[in-house]
Protein chains: 2
Amino acid sequence: MTLQELKYIIAVAESRHFGRAAERCFVSQPTLSGQIKKLEEELGVVIFERTNRSVEITPVGEAILAHARQIMEQADTIQQLAQAQQDPLAGPLRIGAIPTLSPYLMPLILLPLTRQHPQMKLVLSEELTDTLLERLRNHEIDAALLATPVSEGELDSLALFDEPFWIAYPRNHPFYEKEKITRRDLDKENLLLLAEGHCLARQAMEVCHIRERQRQGEMADLRASSLETLLQLVGAGFGCTLVPALAMRGSWTTDSGVVAQPLALPDASRRVSLVFRHSYPRQRALRAFAEVMLDNLPNTVQLVDPGRRAKKKTGRKQ
Amino acid sequence: MTLQELKYIIAVAESRHFGRAAERCFVSQPTLSGQIKKLEEELGVVIFERTNRSVEITPVGEAILAHARQIMEQADTIQQLAQAQQDPLAGPLRIGAIPTLSPYLMPLILLPLTRQHPQMKLVLSEELTDTLLERLRNHEIDAALLATPVSEGELDSLALFDEPFWIAYPRNHPFYEKEKITRRDLDKENLLLLAEGHCLARQAMEVCHIRERQRQGEMADLRASSLETLLQLVGAGFGCTLVPALAMRGSWTTDSGVVAQPLALPDASRRVSLVFRHSYPRQRALRAFAEVMLDNLPNTVQLVDPGRRAKKKTGRKQ
DNA sequence: TTATATCGATAGAGAAAACCGATAGAAATA
DNA sequence: TATTTCTATCGGTTTTCTCTATCGATATAA
């Protein structure tokens, strides 16, 4: 049995004429006759009772026809499903992001995204890097916004931007007087860190040349579970900390006694990338998503493609 | 899209392994890979996301799969429909019969039929010859029991038996004294006839050498609408009439003052045949039906195949 | 009755496809 | 590094589908 054969019997049943049915199916009449005969032989059933001047469907034929119509309907639905999917942006895109990035980046891009790609739907999740990588491998999410590099064989990543780390300290702190804060300044400080598992904690230690062991002894009991908590701790005078630039776009200085200022260190930043499975089929959708992100980032971050901002402006003028 | 391709994606989805799926479909792995790739290209959609060590179905693939399963289910149903139909006796057989035959023949065969072919279902109808022929042409019935010959190009007929005409007359009629009734006797009689349209009326006139015109003038007002009525008229003394042998198997003589006796005329009979469309596909079912009929006829009729009764008896002894 | 037209079935040839075995290529495992 | 395990790819073969041309039967028209 073939979908084609079912199409043929539907055509014959509706036109009650082999010639016209063949025409409707864009095949010759012998082709159609042959195929129907083949189907009838395969099923061992006569579907059409035909003489030279009449084609009538048998009772079994009628029953078969009903199912054939349903099959063709289902097949149509499959075609339509595929068609709807053709727009690579359509269909929900499941994106995960790390907690030190998601709450500050997503608000910047959600509105522009719905403006530029109204058909695109996002399903967001916020998890630690390791969890995101596992969900990525399990096909539970389509892509993740991470601080890279991450070592994963079957994952590809698209580098988006470098996000500098700022130093946050209480207003009564000596840093408040300084214009430039160097690494030597940092070495003397009590650096507050995020809880285990946050990549930002490890990166902050690297920037400040703090070794794991040294840290553990010192202040294992003072690790915050979120950036917001961390800044509360800073405001309460427990120390200072490194925060990613995007988290500092509010008016933290005036509100809570916490001052943030850029670090005068060349490598005090993290590279944010969009990570996805090497075999992921809708990479065009991901790229469109990334484009919108890059077009809506503040100047506090440096795009990996430095020519991008210029391009964007000239693009708008044309 | 092909039913085969849908089978393939179902197999891959269920085994999550191209090699094993191919094995399950009795094809080689390259064949299956190629077919799935072709389907994906045709739909413009990736159904399976595959790496060297994992095969995962995409969300669209999942949706397509659901419909594919429904399609295969419908296809299975078609196969089963055809299978059930394979028994040519199964499925209702729509049989029409003329009114002068049906009430006397059918009671003889219904019981033996259900005994011999329990799966066979009959749908009976009783109409005049012309109506039956038209319903036959319109595919509203599958076969008709008629007095033949009937001139119809696209119809075939299977001759069953010759049913003699008997003469029925009131008990006080001079025929009661006679042992043999010849055509010369008939000529003098007032012959009652069935209403227009009954083939029996025409046949009776032919047997008695009555011409149409002559008849019309004489007794246009005395034509019965059924054999029962006709016999009532005979009993009431309005004349005598010809009745087919099967209608005379009861005890008419004693009950109603009507006497029936065979005619001593060689051609005073009608040939009863099973008539069906030349293109009718279930002729084996008809033949089985005819066999049961022939095996259960009384000796008052002559089978067309004279060796039949003997065969039947020897058959039972073995 | 004889020509003409219509319709489905059939025959033979050509084109398309499905399929297979062998093998490449990539990744994990030993 | 060698081996194993997968899927993808490559030629070549076989099957199937499709075509044109034609037959045979029937109905219509002359």
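These figures come from a predicted structure and were not determined experimentally. Residue numbers begin at 1 in each chain, while the letters A, B, ... track the order of the sequences.
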Are side-chain heavy atoms of [X] and [Y] found at a separation under 4.5 Å?
{"X": "Thr148(B)", "Y": "Val272(B)", "answer": "no"}
{"X": "Gln79(A)", "Y": "Leu43(B)", "answer": "yes"}
{"X": "Val12(B)", "Y": "His17(B)", "answer": "no"}
{"X": "Glu126(B)", "Y": "Pro99(B)", "answer": "yes"}

Can you sort out the partners of Glu291(A) under side-chain hydrogen bond (donor to acceptor under 3.5 Å, both in side chains), two or more places apart, ordered by chain and number?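 Partners of Glu291(A) under the side-chain hydrogen bond (donor to acceptor under 3.5 Å, both in side chains) test: Arg308(A).
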Does a sphere of radius 6.0 Å around CZ in Arg16(A) hold more than 12 heavy atoms from other residues, nucleotides or ligands, not counting ones at 6.0 Å or beyond?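 Yes, enclosed.
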Residue-level proximity of residues 9-27 of chain B to DNA chain D when a heavy atom falls under 4.0 Å: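 Result for residues 9-27 of chain B: His17(B), Phe18(B), Gly19(B), sorted by number.
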Can you see which heavy atom on [X] is nearest to which on [Y], and at what distance?
{"X": "Ala147(B)", "Y": "Ile98(B)", "value": "N-CD1, 4.0 Å"}
{"X": "Leu32(B)", "Y": "Cys25(B)", "value": "CD1-SG, 4.4 Å"}
{"X": "Asp142(A)", "Y": "Pro92(A)", "value": "OD2-O, 3.9 Å"}
{"X": "Ile141(A)", "Y": "Ser125(A)", "value": "CG2-OG, 4.1 Å"}
{"X": "Phe48(A)", "Y": "Val46(A)", "value": "O-CG1, 3.2 Å"}
{"X": "Val60(A)", "Y": "Leu81(B)", "value": "CG1-O, 4.4 Å"}

Report the residue (Ser28(A) or His278(B)) whose heavy-atom-nearest nucleotide on DNA chain D is the more 5′ of the two.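 Counting from the 5' end, the first nearest nucleotide belongs to Ser28(A).
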Using a heavy-atom cut-off of 4.0 Å across all strands, would you classify Ser54(B) as base, sugar-phosphate, or nothing?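 No contact.
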Reckon Tyr8(A) touches a base, only the sugar-phosphate, or nothing at all at heavy-atom distances under 4.0 Å?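 Sugar-phosphate contact only - Tyr8(A) comes under 4.0 Å of backbone atoms but never of a base.
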Indicate yes or no: does [X] engage [Y] in a salt bridge with an N to O separation below 4.0 Å.
{"X": "Glu140(A)", "Y": "Arg94(A)", "answer": "no"}
{"X": "Arg24(B)", "Y": "Glu14(B)", "answer": "yes"}
{"X": "Glu127(A)", "Y": "Arg135(A)", "answer": "yes"}

Any side-chain N or O of Gln4(B) less than 4.0 Å from the OP1 or OP2 oxygen of dC19(C)?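 Result: yes.
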DNA chain D: 5'-most and 3'-most nucleotides touching chain A, 4.0 angstrom heavy-atom criterion: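 On DNA chain D, the outermost contacted nucleotides are dC17(D) to dA27(D).
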Whole-Å gap separating [atom2] ([N]) and [atom1] ([X]):
{"X": "Lys38(B)", "N": "dA16(C)", "atom1": "NZ", "atom2": "P", "answer": "15 Å"}
{"X": "Glu5(B)", "N": "dA18(C)", "atom1": "CD", "atom2": "P", "answer": "6 Å"}
{"X": "Asp156(A)", "N": "dA26(C)", "atom1": "CG", "atom2": "P", "answer": "14 Å"}

Dot-bracket notation for DNA chain D is requested: 5' to 3', Watson-Crick or G-U wobble pairs only, both distances under 3.5 Å, with ( ), [ ], | and . as defined. ||||||||||||||||||||||||||||||
Begin with the C-alpha distance, continue with both residues' side-chain angles, and end with the deciding distance and a verdict on side-chain hydrogen bond (donor to acceptor under 3.5 Å, both in side chains) for Ser33(B) and Gln29(B). CA-CA 6 Å; Ser33(B) 282; Gln29(B) 171 266 317; 3.0 Å; yes
Are there any protein N/O atoms within less than 3.5 Å of an N/O atom in nucleotides 28-30 of chain C, and if so, which ones and at what distance?
unit_1, atom_1, unit_2, atom_2, d
dA28(C), OP1, Arg53(B), NH1, 2.8
dA28(C), OP1, Arg53(B), NH2, 2.6

Would you list the protein and nucleotides 10-12 of chain C atom pairs, both N or O, that sit under 3.5 Å from each other?
unit_1, atom_1, unit_2, atom_2, d
dT10(C), OP2, Lys37(A), NZ, 2.8

